[in-house]
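Every heavy atom of this structure was used, including side-chain atoms; hydrogens, water molecules and symmetry mates were not.
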Amino acid sequence: MTTTRFAPSPTGLLHVGNLRTAVLNWMLARKAGGTFILRIDDTDTARSEARFADAIRRDLEWLGLTWDREERQSERFERYAAATETLRAATRVYECFETPLELELKRKTQLAMGKPPVYDRGALMLTNAEREALRETRNPHLRFLLERRPIEWDDLIRGPQSVDGASISDPVLYRADGQLLYTLASVVDDIEMGVTHVVRGADHVTNTGAQIQIFEALGAAPPRFAHHALLTGPQGEALSKRLGTLSLADLREGGVEPAALLAFMARLGSSLPVEVATDPAALVAAFDPGQFGLSPTRFDAEELRLHSAKTLRALPLAAVADRLSAIGVPEARQAAFWEAVGPNLDRFDEAAGWWALCREGPGAADIPAEDIDFVETALALLPPRPWGPESWGAWTEAVKRATGRKGRALFQPLRRALTGRDRGPEMARLMPLLEGPLPASAAGPAGG
């Protein structure tokens, strides 16, 4: 069975960069009828917070990215310790005593000499006596001993990949303060949780080479890997520098529709166009990792906003009924209201203003001086309530005959008189929904 996972760290809010990883892993699992695991990477107990883990769950649920089971790395330290002992017995881990400053000096020296900044394995040259002496004043960090050979895999997005084990530093598994790092924990989890496919950013390619050797050292076959291109700003600039983190919480607060964000992230950077998709099943059915390109993927928040507006206008009533109820639209009026107002919205929260207009009326409409007499005449010709789909056409035709006005000079002042606005939904659909009081000059039988 295909099993994928999304492993966010609860040290901050979910943003579009790691959302891309979540969406692709979710679609891969759903298309195969497999399992999608939410794995909370909370081994950094000093920085991990329950409120961020809760926010991650809320964000995924908002998008409809349901998971089949949840795991927490903070509950699995004994499993990582056991794996470490297995590696130790196989002489694939070793203690290192350099401080961060010493490592940085080594790195600068190598670069100055034109050499790649690869850890020189100085710790392996220490005698037992030297190690014991260093332990008196320093806590060691633990590294995995790489075999210095080519590491190859067939990437689902990037094709055949090869990383030379001699060109990368032996990865640190535990820091000197005892902090377990992602490199080992992720491998142990992937093995024990049966993860078959890992989709993640292209910045992990080198790390994947090292992790494949850890899989092998633990006696396990590595999963299939797919490394997607990283997101940039609309001009190709670093995303974080131009647009901040673009947290999902901010996007939700900004009125972005979850269906729009899901479709946007599912297609961005692929050979398929970003299209309105109100049913996630269509996105899943068309998903193929091989459709994604290798070049950095441009993320434009304005394009997302426009796509969100298109998606909102295409949503069926069933998708918004709960939200309409929340702003007070009675169930019996929801179909007519959404048919009238939905195609005119950029953000759903604008619907509340239109419903308030329907319920309460426009108040005192600001009519230009040159239109006041015209509007007075027109309001006197209003048909009595209740208004139906034909009322707007009948009224405007009557006003046209009585005044001789036509076109914009006819329709815009009438729209403003009834709604207080110059633009909005089709009046033939909106007019039957207007239940509030009319301007005072429309008193009498026509005023209703």
Side-chain angles (χ1 to χ4, degrees), residues 1-11 14 18-45 48 50 52-54 56-57 59-61 63-88 90 92-93 144 151 153-157 171 173-174 179-201 203-205 207-228 284 287 289:
M1 176 181 289
T2 296
T3 299
T4 67
R5 44 73 168 180
F6 175 52
S9 297
T11 55
L14 201 60
N18 45 31
L19 172 63
R20 180 172 169 82
T21 298
V23 169
L24 299 187
N25 277 288
W26 178 82
M27 290 199 301
L28 184 60
R30 291 294 173 257
K31 183 169 184 178
T35 298
F36 177 62
I37 301 171
L38 172 60
R39 194 167 76 203
I40 303 297
D41 181 1
D42 56 353
T43 56
D44 187 346
T45 54
S48 297
F52 289 133
D54 290 340
I56 288 169
R57 296 186 193 97
D59 287 340
L60 295 179
E61 289 171 346
L63 281 170
L65 300 185
T66 55
W67 53 96
D68 299 296
R69 75 178 200 259
E70 179 179 330
E71 303 282 354
R72 299 180 67 88
Q73 290 190 323
S74 60
E75 298 174 352
R76 294 176 46 79
F77 283 116
E78 61 183 30
R79 302 304 309 147
Y80 311 136
T84 303
E85 291 309 308
T86 298
L87 295 175
R88 195 187 302 276
R92 295 300 297 275
V93 295
F144 176 76
I151 308 161
W153 72 94
D154 186 14
D155 197 281
L156 295 174
I157 291 177
L173 304 185
Y174 288 86
Q179 173 66 52
L180 170 70
L181 299 185
Y182 170 87
T183 305
L184 175 62
S186 178
V187 169
V188 174
D189 288 345
D190 287 344
I191 293 171
E192 297 188 359
M193 296 175 190
V195 172
T196 61
H197 295 73
V198 174
V199 184
R200 56 190 181 186
D203 53 337
H204 281 282
V205 168
N207 184 45
T208 292
Q211 285 188 317
I212 285 175
Q213 284 205 12
I214 299 176
F215 276 103
E216 294 170 346
L218 290 172
R224 298 292 306 277
F225 288 97
H227 294 85
H228 61 74
V284 170
F287 174 71

Which of L28, T35, V199 passes side chain to side chain contact (heavy atoms under 4.5 Å, CB included) with T4? It is L28

- Query: Are the side chain of D189 and the backbone N or O of Q73 linked by a donor-acceptor pair below 3.5 Å?
  - Reply: no

What one should report as the nearest heavy-atom pair of V93 and R88 is CG2-CA, 3.4 Å

Between D41 and A7, the two heavy atoms sitting closest are CB-O, 3.9 Å

Taken to the nearest 0.5 Å, the spacing of L180 CG from T183 OG1 works out to 9.0 Å

query: Does one side chain, of R200 or T208, offer a donor that lies under 3.5 Å from an acceptor on the other?
result: yes

P10 and I56 have their tightest heavy-atom pair at CA-CD1, 4.1 Å

Rounding to 0.5 Å, atoms CG (L173) and CD (Q179) come to a distance of 12.5 Å

Quick note, side-chain hydrogen bond (donor to acceptor under 3.5 Å, both in side chains) partners involving residues 20-30, not counting sequence neighbours, are R20-H228, R20-T297, T21-H228, R30-D68

- Query: For atom CZ of R224, is the number of surrounding heavy atoms from other residues, nucleotides or ligands below 6.0 Å larger than 12?
  - Reply: yes

* To do: Would you please say whether a donor-acceptor pair under 3.5 Å links the side chains of Y174 and T84?
  => yes

In I191, D190, L184, the residue satisfying side chain to side chain contact (heavy atoms under 4.5 Å, CB included) with I214 is L184

Exercise. Going by an N to O cut-off under 4.0 Å, is there a salt bridge joining E70 and R39?
Worked result: no

Does the T196 side chain pair with the main chain of T3, one donor and one acceptor, at a distance under 3.5 Å?
yes

So CZ of F36 and OG1 of T66: to nearest 0.5 Å the spacing works out to 8.5 Å

Distance col, row Y182:OH vs S9:OG, nearest 0.5 angstrom, shows 9.0 Å

Please walk me through it: do R92 and Q213 pass side-chain contact (heavy atoms from CB on, under 4.5 Å)? CA-CA 10 Å; R92 295 300 297 275; Q213 284 205 12; 3.2 Å; yes

Partner of R79 under salt bridge (charged side-chain N to carboxylate O under 4.0 Å, His left out), picked from E85, E192, E71, is E192

- Task: Classify the ring geometry between F77 and Y80 as parallel (under 30°), tilted (30 to 60°) or perpendicular (over 60°).
- Result: perpendicular

Do the side-chain N and O atoms of S186 and R5 include a donor-acceptor pair separated by under 3.5 angstrom? yes

d(F6 CZ, L19 CG) to nearest 0.5 Å is 7.0 Å

Rounded to the nearest 0.5 angstrom, the CD1-CZ distance for I37 and R69 is 3.5 Å

Heavy-atom nearest pair, M27 first then V284, reads O-CG1, 4.1 Å

task: Tell me yes or no: between the side chains of D42 and S74, is some donor less than 3.5 Å from an acceptor?
output: yes

By side-chain contact (heavy atoms from CB on, under 4.5 Å), D54 pairs with (sequence neighbours left out) R57, R58

What orientation do F215 and F225 show, parallel under 30°, tilted 30 to 60°, or perpendicular over 60°? perpendicular

Closest non-hydrogen atoms of P289 and I157, given as atom of the first, atom of the second and distance, are O-CG1, 3.4 Å

Of all heavy-atom pairs linking F287 and K31, the shortest is O-NZ, 2.6 Å

